[in-house]
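The structure under discussion appears below in the form of structure tokens.
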Amino acid sequence: MIESINSRTGISSSLLQTTQATLADLPRRLNAPSRNPTPNNSKTLPLLPRSIERNRQQWSSDANILKLELPQRTLSPNLNPRQWLLTGNHRLARLVTATIGDRWLTHLEDLQQLTPLAGDPLFQLQWQTIKQTNKQAFAKALQRLQGIKINVNSLFDLQLQPICGHQRQLLNILHIINLFDRLKQNPGIDILPRTFIFGDASVLQSPEIDSAVEASHSLVSDIERRETIALIESLGRVLAADPDVCDKLQVIYVPESAALTNQMFAAADVTQQIATATTEDVDLGELKAAINGVISIGSLGKTNTWLQQIVGAENCFRFGLAIPEIALFKEYGYDPYNYYKHYPQIRQAIDWLLSGHFTPDAPGLCKSIVDKLMGTDEHMVLADYMFYMACQSLVSETYRHQATWTHMSIMNVAGVK
């Protein structure tokens, strides 16, 4: 994917070389001595050259490599992407209808007729105008409901998932802190303005609890969820009050709201589907982003692999360890401290968290978060972080080339059928 995007945008080779060097260096770093000596009877962490080579050449996972049985491309009759577009993004729905007719309302496969228009400058301009109008509408609604003003000329980066360890909001937070650190080191640096939008898609009804063990796990999960939300909200306030970064970075937390959820998808430029790669059942609800023309950043789980087949590998961003690789890490031993020790970006972000700078009203809030991260890192946040950061750099560079970005956005809609 790196090569395909580079050929279409002319992205600087230095960024790509840096990205590739980072990925190529991972095997050596992964085999660095651990903070905790490995017992004599334990295995040594193996090199993963094929994994690194695949990630270096393509930000995606091949279904044959993963050996996953992926569903057919047709959708369940219980899902109605048409309604997602008609009720949540009526401006885009009107443009689609005016362009290809209204048969797509009953034959979703007709959206493929948008494919030859994806590179048309006039159609791209109409598409971009609608996106900007949707951003302005969302910004007005957010200011009215929460009193928050956001930069409508920034990239809208949405992570609307249940707030929990598996969905890895911490991966997103660490990246934001790294961007903050770069701006503090050099306030004049050219960083693409971004508005990071967090939402909690947790089911509002509490699940039935059948045992004391389940009750204990539920309590722990709820505590972690509350800590993460508190960190996100506090991070947003600190960034908003810092003149060095407030024009470039914004972080907002939007409580669950059906009305705002529809507007978030209509306004978003990119959506983060960055849960730990697993073989969980495919979540067809992820199509809500694609039907709105929102480009996805995804880990290599089953759902993201399926979505990639729907919209095309060249029209989304993928990163990180695949499912078999995660199993290898866990089998041979995984020490997150190695990543803290060897990668300055990880060390800087975690040190910022521990400093209490982003949680001035609760200085100890981040300690329990960091303790889990540096202890077991159950969800492989640090193992995936360098892949994630390089992928995010590619997202920023691609967004600067609006013709390419709009082409990818149109192709996301055209792929849904």
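Values below: every heavy atom of this structure, side chains too, minus hydrogens, waters and symmetry copies.
Annotation for V311 and N412: closest pair CG1-OD1, 3.6 Å, computed over non-hydrogen atoms. Nearest heavy atom pair, residue C246 against residue Q250, reads O-CG, 4.0 Å. Considering all non-hydrogen atoms of both residues, N151 and N153 come closest at OD1-N, 2.9 Å. Contact detail for L158 and A268: the closest heavy-atom pair is CB-CB, 3.9 Å. When all heavy atoms are compared, the tightest approach of G312 to C316 is O-SG, 3.6 Å. Considering all non-hydrogen atoms of both residues, I189 and K248 come closest at O-NZ, 3.4 Å.
Separation of atoms CG (L170) and CD1 (I176) is listed at 10.5 Å; rounding is to 0.5 Å. Taking CG of N292 as the reference point, atom CG of N89 lies at 4.5 Å (rounded to 0.5 Å). Between the CD1 atom of I232 and the CG atom of N172 there is a distance of 8.0 Å, given to the nearest 0.5 Å. Distance check, rounded to the nearest 0.5 Å: NE2 of H342 to OH of Y337 gives 9.0 Å. Separating the CG atom in L155 from the CZ atom in F196 is a distance of 8.0 Å, to the nearest 0.5 Å. Atom CG of N178 is separated from atom CD1 of I173 by 12.5 Å, given to the nearest 0.5 angstrom.
For the pair R225 (side chain) and P162 (backbone), a donor-acceptor distance under 3.5 Å is absent. At least one donor-acceptor pair closer than 3.5 Å links the side chain of E325 to the backbone N or O of A322. Between the side chain of T398 and the backbone N or O of W405, no donor-acceptor pair lies under 3.5 Å. Panel note: side chain R194, backbone L249; no donor-acceptor pair is recorded below 3.5 Å. Looking at D244, its side chain never comes within 3.5 Å of a backbone N or O of K184 through a donor-acceptor pair. Checked by atom type and distance alone, the side chain of Q159 pairs as donor or acceptor with a backbone atom of Q167 at under 3.5 Å. Checked by atom type and distance alone, the side chain of Q132 pairs as donor or acceptor with a backbone atom of V152 at under 3.5 Å. A donor-acceptor pair under 3.5 Å is formed between the side chain of T87 and the backbone N or O of Q83. Checking side-chain atoms of K131 against main-chain N and O of A266 turns up a donor-acceptor pair under 3.5 Å. The main-chain N or O of A118 is found under 3.5 Å from a side-chain atom of Q124 such that the two form a donor-acceptor pair.
Side chains of I229 and F198 form no contact here, defined as non-hydrogen atoms less than 4.5 Å apart. At a threshold of 4.5 Å between non-hydrogen side-chain atoms, the residues N338 and Y343 do not count as touching. The shortest distance between side-chain heavy atoms of L373 and Y339 does not fall below 4.5 Å. Put simply, the side chain of L105 reaches to within 4.5 Å of the side chain of L86, judged on heavy atoms. The shortest side-chain heavy-atom distance between I350 and L382 falls under the 4.5 Å cut-off. Between L108 and V416 there is a side-chain heavy-atom pair separated by less than 4.5 Å. V251 has its side chain out of reach of V238: every pair of non-hydrogen atoms, C-beta onward, lies at least 4.5 Å apart. For the pair R168 and Q272, the minimum side-chain heavy-atom distance is 4.5 Å or more.
Taking the six-membered ring where the residue is Trp, F180 and H357 present tilted rings, their angle falling between 30° and 60°. Relative orientation of the F358 and W352 rings is tilted, given thresholds of 30° and 60° on the angle between their planes.
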(message) Applying side chain to side chain contact (heavy atoms under 4.5 Å, CB included) to T195 and K135, what does each step give before you reach the verdict?
(response) CA-CA 11 Å; T195 298; K135 285 184 173 184; over 6 Å; no
(request) Start with the C-alpha gap between T404 and H407, add the side-chain angles, then the distance that decides, and say whether side chain to side chain contact (heavy atoms under 4.5 Å, CB included) holds. (result) CA-CA 5 Å; T404 297; H407 184 281; 5.5 Å; no
(message) Could you walk me through whether N262 and K288 satisfy the side chain to side chain donor-acceptor pair (under 3.5 Å) test, starting with their C-alpha distance in whole Å, then the side-chain angles of each, then the deciding distance to 0.1 Å, before giving a yes or no?
(response) CA-CA 9 Å; N262 286 334; K288 188 166 188 176; 3.2 Å; yes
(message) side chain to side chain contact (heavy atoms under 4.5 Å, CB included) for R226 and I163? Distances and angles first, verdict last.
(response) CA-CA 9 Å; R226 292 174 184 273; I163 292 183; over 6 Å; no
(message) If you apply the rule side chain to side chain contact (heavy atoms under 4.5 Å, CB included), what do you find for E227 with L365, and how did you get there?
(response) CA-CA 7 Å; E227 287 177 342; L365 174 65; 3.9 Å; yes
(message) Before you tell me yes or no, could you show the steps for Q161 and Q169 under side chain to side chain donor-acceptor pair (under 3.5 Å), namely the whole-Å CA-CA distance, both residues' side-chain angles and the distance that decides it to 0.1 Å?
(response) CA-CA 9 Å; Q161 298 288 342; Q169 280 80 12; over 6 Å; no
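Side-chain N/O atoms of D351 and Y340 include a donor and acceptor closer than 3.5 Å. With 3.5 Å as the limit, one finds no donor-acceptor pair spanning the side chains of D377 and Y385. For the residue pair T303/Q273, the side-chain donor-acceptor check at 3.5 Å is not satisfied.
With R91 as the partner, the side-chain hydrogen bond (donor to acceptor under 3.5 Å, both in side chains) test is satisfied by one option alone out of T129, T133, N134: N134.
No more than 12 heavy atoms of other residues, nucleotides or ligands lie within 6.0 Å of CZ in R182, so this atom counts as exposed by the packing criterion. With a 6.0 Å radius and a threshold of 12 heavy atoms from other residues, nucleotides or ligands, E378 has its CD atom at or below the threshold.
Separation of the F319 and Y388 ring centroids falls under the 6.0 Å cut-off.
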